[in-house]
Amino acid sequence: MRIRTSALLVAGIFQASFEGIWATNSTTNSASRTCSLLQTSLGSDIVQFSGLEYLNASTNAWNFFNTESRPTCIVFPRQALHVQTTMAAIFHDDVHYAVQAGGHSGMTGWNTVQNGILLVFSHMKNISYDAAKDTITIQPGIHWGEALAALEPLGVAPLGGRLPDVGTGLLLGGGYSFIGGEHGFSCDAYVEVDVVLVTGKLVTATAHNEYADLFRALKGGANRFGIVTRYEVQAIHTGTNADKNWFGGLIIFPNSSADALISATHKFTATVTDPKAILLISFVNTLNGTEILPIHLLTLLYHGTSLPPSIFGDFLSIPSLSGQTSPLSYIDTNNLIAGGGDRGFGQRFGASAFSGDVDQYTNALRVFNEFTVAVQSSMSLTVLAFTPILQSQILAGRARGSNIFDPPVRNYAAIEFQIQARAGLAQLPPEVEAAHQGALASIPRSPGLPLYINESSEKQKVFATYNRYAEMKETYAKYDPTRFNVRFTDGPVGL
């Protein structure tokens, strides 16, 4: 166990110094008063009510739907103590709050708050490598593109995301990377995590200390178990940018190849056992008023010097529009799709997971296309993406003590059903929301498979699909017995 005793002491002094004010105003206390007390304690550069940095932070979320809220104040912590002090005040005053790390959430309200306190980690972006321990220490504000660039000269990388703009919230949701088949889900690389509990207490959780249950819950528990201020993860030796250790690329297909791509994706998911093989297929509809422009993107990679025909031959034989394959560094692989940083569009995710026959995949594409036609006037983009998860990825996670979603040991495909509203549309029309939920209900998950929280709708009961759901609820009750997090911040349902 490692608790930051000095930090707890300072947080306690802060609380005690205003105990009289809090006690006499406990029923009328507002976020404004709490913010004022925090600003007095932490300073106006850390706690802000307005100004350029406040405005940039409150409007810079990737999901345009999350740029409309205006927090009462924004806290820009520089160290864990600032998070402790803030959380202790939030807890004492029953204030609504949210946390923003990379800001790349597709869930409305999960990283923003109206008339509450928002913590933004834009000043906590350090990353370092300990060669003796072969671990990487990450602060929560860094994005994966920044992380890879910082460590590339050392030839190591953390298990992270597949787009440079994605942040560390990906770890709390589980995490997919382009090396997951060999190393597990991104969260499986945890060695230690520092987490501020709802009371403001800071603890360090590992797989073997007294917080081992919390450690596992943070592998998929999203924002429900506390605020992580430090991740220490196992380093992956990916090589420098000069080391072209992967082979693959991005291939673009016409709509006429959609059926063949569906069949090949099902076959890959059902049969491939090589952990070095990675695939991501996205069926994309770009919408321009009454016109729908379908185009399909295939990212295929192999940790080696070529693409084995026995694994990728079906895809390579399908007629394409453009694309090429070549030797790639690990940083190259993470820039194949796009940066992912475009702003100004409202986003909504939805998830499923398949392990059935090809008809399950074909039905999903049909539902997706019918949905697109029905809502095209409000949308700028719709995406149906398949990420094959191999047994090797699941077994790698179990070898590290497992994660809280704990998939069964079999190949399956994780499905993302993403919709992007027209530019500037501040709220999803109710009929589109209803149609999206109806489409998700028409592509149900295969029994026993967990949904991926980072690609899910906020209305989906994702935690209930976890195979360690009962353990998860027990752990949550232990660390948040008053259910403060569930009552005062938005996030997944079910706890």
Side-chain angles (χ1 to χ4, degrees), residues 60 62 101-106 125 127 129 136 138 141-171 175-183 185-186 189 233 235-253 276-284 286 295-307 312 315-316 320-345 347 381 383 385-388 416 418 420 454-455:
N60 193 46
W62 169 72
H104 204 95
S105 173
K125 302 180 72 168
I127 187 167
Y129 173 58
I136 295 167
I138 305 168
I142 201 164
H143 296 245
W144 294 117
E146 297 169 329
L148 296 183
L151 296 176
E152 177 272 330
L154 303 177
V156 297
L159 275 175
R162 298 174 292 187
L163 294 174
D165 189 60
V166 172
T168 57
L170 172 130
L171 295 174
Y176 296 159
S177 75
F178 284 135
I179 45 180
E182 297 178 87
H183 300 285
F185 297 90
S186 299
V233 300
I236 309 299
H237 290 259
T238 52
T240 68
N241 202 37
D243 298 318
K244 307 299 183 182
N245 296 325
W246 280 262
F247 195 95
L250 177 68
I251 303 176
I252 302 174
F253 294 88
K276 296 180 180 180
I278 292 291
L279 193 76
L280 171 62
I281 176 72
S282 299
F283 297 87
V284 180
T286 302
I295 197 168
H296 311 310
L297 310 177
L298 172 68
T299 304
L300 66 175
L301 296 166
Y302 190 76
H303 194 178
T305 57
S306 64
L307 294 172
F312 298 102
F315 291 101
L316 297 175
S320 63
L321 294 173
S322 64
Q324 64 178 20
T325 58
S326 63
L328 301 168
S329 69
Y330 187 60
I331 283 186
D332 291 335
T333 69
N334 280 262
N335 288 296
L336 282 173
I337 306 172
D342 292 345
R343 269 34 177 192
F345 298 93
Q347 309 285 345
L381 194 73
V383 180
F386 294 78
T387 298
E416 179 189 17
Q418 178 188 352
Q420 178 175 288
N454 291 344
E455 294 179 352

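Note: hydrogens, waters and symmetry copies are ignored here, and every other heavy atom, side chains too, is used.
Annotation: side chain to side chain donor-acceptor pair (under 3.5 Å) contacts of Thr325 (sequence neighbours excluded): none. Residues passing the side chain to side chain donor-acceptor pair (under 3.5 Å) test with Lys125, sequence neighbours excluded: Glu146. Remark: Phe253 engages no residue in a ring pair (Phe, Tyr, Trp, His ring centres under 6.0 Å) (not counting sequence neighbours). Applying the side chain to side chain contact (heavy atoms under 4.5 Å, CB included) test to Ser306 and every residue at least two apart in sequence or in another chain returns nothing. Checked against side chain to side chain donor-acceptor pair (under 3.5 Å), His143 has no partners two or more places apart in sequence or in another chain. Residues satisfying the side chain to side chain donor-acceptor pair (under 3.5 Å) test with Asn245, not counting sequence neighbours, are none. Every residue two or more places apart in sequence or in another chain that forms a ring pair (Phe, Tyr, Trp, His ring centres under 6.0 Å) with Tyr176 is listed here: Tyr452. For Ala235, the side chain to side chain contact (heavy atoms under 4.5 Å, CB included) partners at least two apart in sequence or on another chain are Tyr129, Asp134, Ile136, Val156. Applying the side chain to side chain contact (heavy atoms under 4.5 Å, CB included) rule to Ala189 yields the partners Leu159, Val233, Gln234; only residues at least two apart in sequence or on another chain are considered. Residues passing the side chain to side chain contact (heavy atoms under 4.5 Å, CB included) test with Ser105, sequence neighbours excluded: Met107, Trp110, Asn111.
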* Thr286 vs Gln420, side-chain contact (heavy atoms from CB on, under 4.5 Å): CA-CA, chis, key distance, verdict -> CA-CA 10 Å; Thr286 302; Gln420 178 175 288; over 6 Å; no

* **Worked check of side-chain contact (heavy atoms from CB on, under 4.5 Å) between Ile252 and His296** => CA-CA 6 Å; Ile252 302 174; His296 311 310; over 6 Å; no

* To do: Evaluate side-chain contact (heavy atoms from CB on, under 4.5 Å) for Phe345 paired with Trp62, printing each intermediate quantity in order.
  => CA-CA 8 Å; Phe345 298 93; Trp62 169 72; over 6 Å; no

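Closest of all the heavy-atom pairs between Val383 and Ser282 is CG1-CB, 4.1 Å. Residues Gly249 and Leu328 share a closest heavy-atom pair of N-CD1, 4.1 Å. Contact record, Gly180 with Ile278: N-CD1, 4.4 Å, taken as the closest heavy-atom pair. Shortest non-hydrogen contact noted between Ile127 and Ala150 is CG2-CB, 3.7 Å.
Looking at heavy atoms from C-beta onward, Leu148 lies in side-chain contact with Asn334 at the 4.5 angstrom threshold. The side-chain heavy atoms of Ile251 and Leu321, taken from C-beta on, include no pair separated by under 4.5 Å. Annotation: side chain of Ser177 is in contact with side chain of Tyr330 (closest heavy-atom distance under 4.5 Å). The closest side-chain heavy-atom distance from Trp246 to Ile179 is below 4.5 Å. Pro158 places a side-chain heavy atom less than 4.5 Å from the side chain of Ile138.
No salt bridge links Arg162 with Glu416; every basic N to acidic carboxylate O contact stays at or beyond 4.0 Å.
In this structure, the side chain of Trp144 engages the main chain of Gly167 through a donor-acceptor pair within 3.5 Å.
Shown here is Lys244, whose NZ atom has more than 12 heavy atoms of other residues, nucleotides or ligands within 6.0 Å.
Taking CG of Leu280 as the start and OG1 of Thr333 as the end, the distance is 11.5 Å to the nearest 0.5 Å.
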Would you be so kind as to tabulate the donor-acceptor pairs closer than 3.5 Å made by side chains of residues 297-305, with sequence neighbours excluded?
unit_1: Tyr302; atom_1: OH; unit_2: Asp274; atom_2: OD2; d: 2.6
unit_1: His303; atom_1: ND1; unit_2: Glu182; atom_2: OE1; d: 3.3
unit_1: His303; atom_1: ND1; unit_2: Glu182; atom_2: OE2; d: 2.8

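The closest side-chain donor-acceptor pair between Ser329 and Asp243, if any, does not fall under 3.5 angstrom.
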